[in-house]
Amino acid sequence: MENGQGIRSATEDSENRFYELIESLPMVAVQGYDRHRRVIYWNEASARLYGYSRDEALGQLLEDLIIPDHMRNGVIEAHRNWLEQNISIPADELELKHKEGHLVPVYSSHVMIKQESGACEMFCIDISLEEQKRARDELYRRASFDDLTGLPNRHFMEVELSNRLDEADRLQQEVAVVFIDLDNFKIINDTRGHHHGDNLLKAVAETLRAELRGGDLLSRFGGDEFVLLIFDFDGPEGIHELVCRLIHSLEHRVHLEGDCYQVTASFGVSLFPYNGTTVAELMGNADAAMYQAKESGKNSLCFYTPDINDRLVHYQEITNLLREALNNDGLELFFQPQISLTERKSDSCEALLRCFNGQSRAVSPAVFIPVAEKSGLINRIGEWVIEAACKQLSAWKETPLENLRVDINLSGRQLTNPHLANHILSTVSRYDLEPHQLGVELTENEVFGSDESQTKQLEKLKQAGVHISIDDFGTGHSSLVYLRKLPVCGIKIDRSFLQHAMQNSADMAIMKAMVTVGHSLGLSVLVEGVETDEQAQLVTDLGCDLAQGFLYAKPMPADKVAEFLTSF
């Protein structure tokens, strides 16, 4: 009798120490259940974790209390197997049910006591994983979604596209990849700041998302580029209809911080399996189609075709050639004299850029200049031209050519550089030259499209003594009002008028008018493309001041200029 009491006393002491232990763990939720899975123990941490007070929980069935419906039968079966077959329940990460209905992530382990006596009790020890889950969710969100717009990011989109391509291949379905690039976004970003640009990107994302169907996936690819994946559509016509709706939605003006913008975008489409069977192929071809849409005037849609890829390959080849030429002395200036029609001499020449490939063969400027503009290399090339022209003028000092003026061509993109005028004048000074020894030429559209800050750049150059001419005059959207206000010294009438003036009275009349207007504004007038004696006589009769063309001289390397001018 005394032994039995001693055993019971030791058992009770052990149980008491067990309960004291689990009560002393405020962050660990512990619940006890009898062999019928009714709650016999519920500590304070369990109340905080699951929302049920001790009184609410005691006597309730485990499966009615915190087990989600989809786990109910499995939990009952696992508990029975432990009691009857001694198969313990493994520890695992679970999502159990809170009193308010939402799921609670926990790490749950289990222990069975009093199995020998038959009065089995199961204790569940649950540790909340809510903080870890929040951290994991945040890591997933950052890895999969764009912070600015909330759209899926490039990584998420590419993984999703890869998965869906496997499915589409199996089911013989089509998939459309639409590459979207905002038009002229860089101007807004540069002039109004990145904060303004970010807000505009968010507004565009919301506008596009509002027009999409449930199965479409819009992602932010990066910068001002978005990619749309379409998995259910009625052929190219269906894609065309959807994209036209997106174009129309963006044409509505966006109001941001007191300013109003009319946003446009260029869209390029590639289709699986016709334009590629991998993520890389479809993305690359949609991107190429988008660039074709930009070349076609922007704010438009272009479907990928093989010839687009050919043009893209050619573009990349020329871009690589220009980079190689810049880095390895593959550029050279040629010079074409400009002839005074009254004095029959030359005091100026135009510097014309030549680019040579690895076999020393010249690449046409008509080919590489547009590529340089689009690729952004035009700024580096423009700096090279300024440097090379000043270097050549310096080399001609104390020679018969020391008074020759060299005119270089500037691009509209160079004109947007607020330091352009200072850079030109400092380069002139560094070579110990006078500003009047250098001239600059800009096309008509570039000059007339310049804003106030760009006009001030030209004014600074002219005031310093740099000669400024409008090239290809008559081919753009000229305005006599602008011509009167702009700081220019001369105009160069485009060769197209001269070519037709002999047979076309309208072109003849236009040439006469341009000469009259130029002279009335105190500008010199030069005609380009003079190739025959008849043309030379015509421009002389019209009263033009200067002529340039093959009749007098073709563009020539620097070492041939002195020889030509001394024999002219």
Side-chain angles (χ1 to χ4, degrees), residues 145-154 156-158 161 175-213 215-231 233 236-257 259-271 275 282-305 308 311-312 315 373-376 413:
F145 292 86
D146 173 53
D147 283 338
L148 179 65
T149 63
L151 294 174
N153 62 15
R154 176 176 179 173
F156 183 98
M157 179 274 300
E158 289 181 340
L161 177 57
V175 176
V177 177
V178 184
F179 211 101
I180 306 168
D181 187 273
L182 301 187
D183 299 328
N184 304 318
F185 174 75
K186 188 177 185 300
I187 296 175
I188 297 173
N189 222 26
D190 290 347
T191 57
R192 299 306 307 273
H194 292 285
H195 173 70
H196 216 77
D198 286 349
N199 287 337
L200 185 59
L201 287 173
K202 288 190 286 188
V204 167
E206 286 300 318
T207 300
L208 293 173
R209 186 158 43 189
E211 294 294 330
L212 300 180
R213 307 162 307 166
D216 304 330
L217 176 66
L218 178 67
S219 66
R220 186 184 177 202
F221 194 72
D224 63 337
E225 298 172 330
F226 299 85
V227 171
L228 172 62
L229 305 182
I230 306 175
F231 303 104
F233 54 93
E237 297 81 7
I239 298 297
H240 187 271
E241 180 181 348
L242 173 59
V243 172
C244 285
R245 193 163 70 242
L246 296 177
I247 291 174
H248 179 69
S249 70
L250 287 175
E251 287 176 344
H252 294 296
R253 295 186 180 273
V254 176
H255 294 271
L256 282 176
E257 301 178 17
D259 291 323
C260 185
Y261 299 99
Q262 184 170 359
V263 182
T264 65
S266 299
F267 295 75
V269 179
S270 65
L271 298 174
N275 306 139
L282 291 166
M283 291 297 301
N285 291 339
D287 191 23
M290 181 275 294
Y291 275 104
Q292 181 61 37
K294 281 194 179 295
E295 287 187 5
S296 301
K298 304 180 181 179
N299 194 31
S300 61
L301 160 67
C302 181
F303 282 85
Y304 173 81
T305 58
I308 288 178
R311 288 196 294 273
L312 186 64
Y315 170 87
E373 290 276 4
K374 292 172 188 173
S375 66
R413 181 167 293 191

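No donor-acceptor pair closer than 3.5 Å links the side chain of N299 to the backbone N or O of T264. S300 places a side-chain N or O within donor-acceptor distance of the main-chain N or O of A293, the cut-off being under 3.5 Å. Using a distance-only test at 3.5 Å, with no hydrogens or angles considered, no donor-acceptor pair links the side chain of R209 to the main chain of L218. Between the T207 side chain and the L250 main chain, no donor and acceptor come within less than 3.5 Å of each other.
We find that R220 and D146 are joined by a salt bridge, their nearest charged nitrogen and carboxylate oxygen being less than 4.0 Å apart.
Side-chain contact between D224 and V204 is absent, with no heavy-atom pair separated by less than 4.5 Å. Between M283 and R154, the closest side-chain pair of non-hydrogen atoms is not below 4.5 Å. For the pair F226 and L151, the minimum side-chain heavy-atom distance is below 4.5 Å. With contacts defined as side-chain heavy-atom distances shorter than 4.5 Å, the pair L161/E158 does not qualify. A heavy-atom distance below 4.5 Å is found between the side chains of V177 and L229.
Between F303 and H240, the ring planes are parallel. Angles under 30° get that label, and only those over 60° would be called perpendicular.
Nearest heavy-atom pair across L217 and F231 is CB-CE1, 4.5 Å. Heavy-atom minimum distance, E225 versus D181: CG-OD2, 3.0 Å. What you find for F267 and I247 is that their closest heavy atoms are CE1-CG1, 3.3 Å. Minimum interatomic distance between L282 and S270 (heavy atoms only, all atoms of both residues): O-OG, 2.7 Å. Pairing each heavy atom of R413 with each of G376, the nearest pair is NH1-CA, 3.2 Å. Between R213 and I230, the shortest heavy-atom contact is NH2-CG2, 3.1 Å.
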Residues F179, V227; criterion side-chain contact (heavy atoms from CB on, under 4.5 Å); working and verdict
CA-CA 5 Å; F179 211 101; V227 171; 3.9 Å; yes
For the pair L201 and L182, evaluate side-chain contact (heavy atoms from CB on, under 4.5 Å) and give the outcome as yes or no after the intermediate values.
CA-CA 9 Å; L201 287 173; L182 301 187; 3.8 Å; yes
Could you go through D198 and H195, starting from their C-alpha distance and side-chain angles, then the distance that decides it, and tell me whether this counts as side-chain contact (heavy atoms from CB on, under 4.5 Å)?
CA-CA 5 Å; D198 286 349; H195 173 70; 5.6 Å; no
Please determine whether side-chain contact (heavy atoms from CB on, under 4.5 Å) holds for the pair F233 and L242, giving the CA-CA distance in whole Å, both sets of side-chain angles, and the decisive distance to 0.1 Å.
CA-CA 9 Å; F233 54 93; L242 173 59; over 6 Å; no
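From L228, atom CG reaches atom CG of L208 across 8.5 Å, with rounding to the nearest 0.5 Å. We find the CE-NZ distance between M290 and K298 to be 11.0 Å, quoted to the nearest 0.5 Å. Distance check, rounded to the nearest 0.5 Å: CG of L148 to NZ of K202 gives 5.5 Å. If you take CD on Q292 and CG on L301, they are separated by 11.5 Å, rounding to the nearest 0.5 Å.
Crowding of F221 atom CZ: a count of heavy atoms from other residues, nucleotides or ligands under 6.0 Å exceeding 12.
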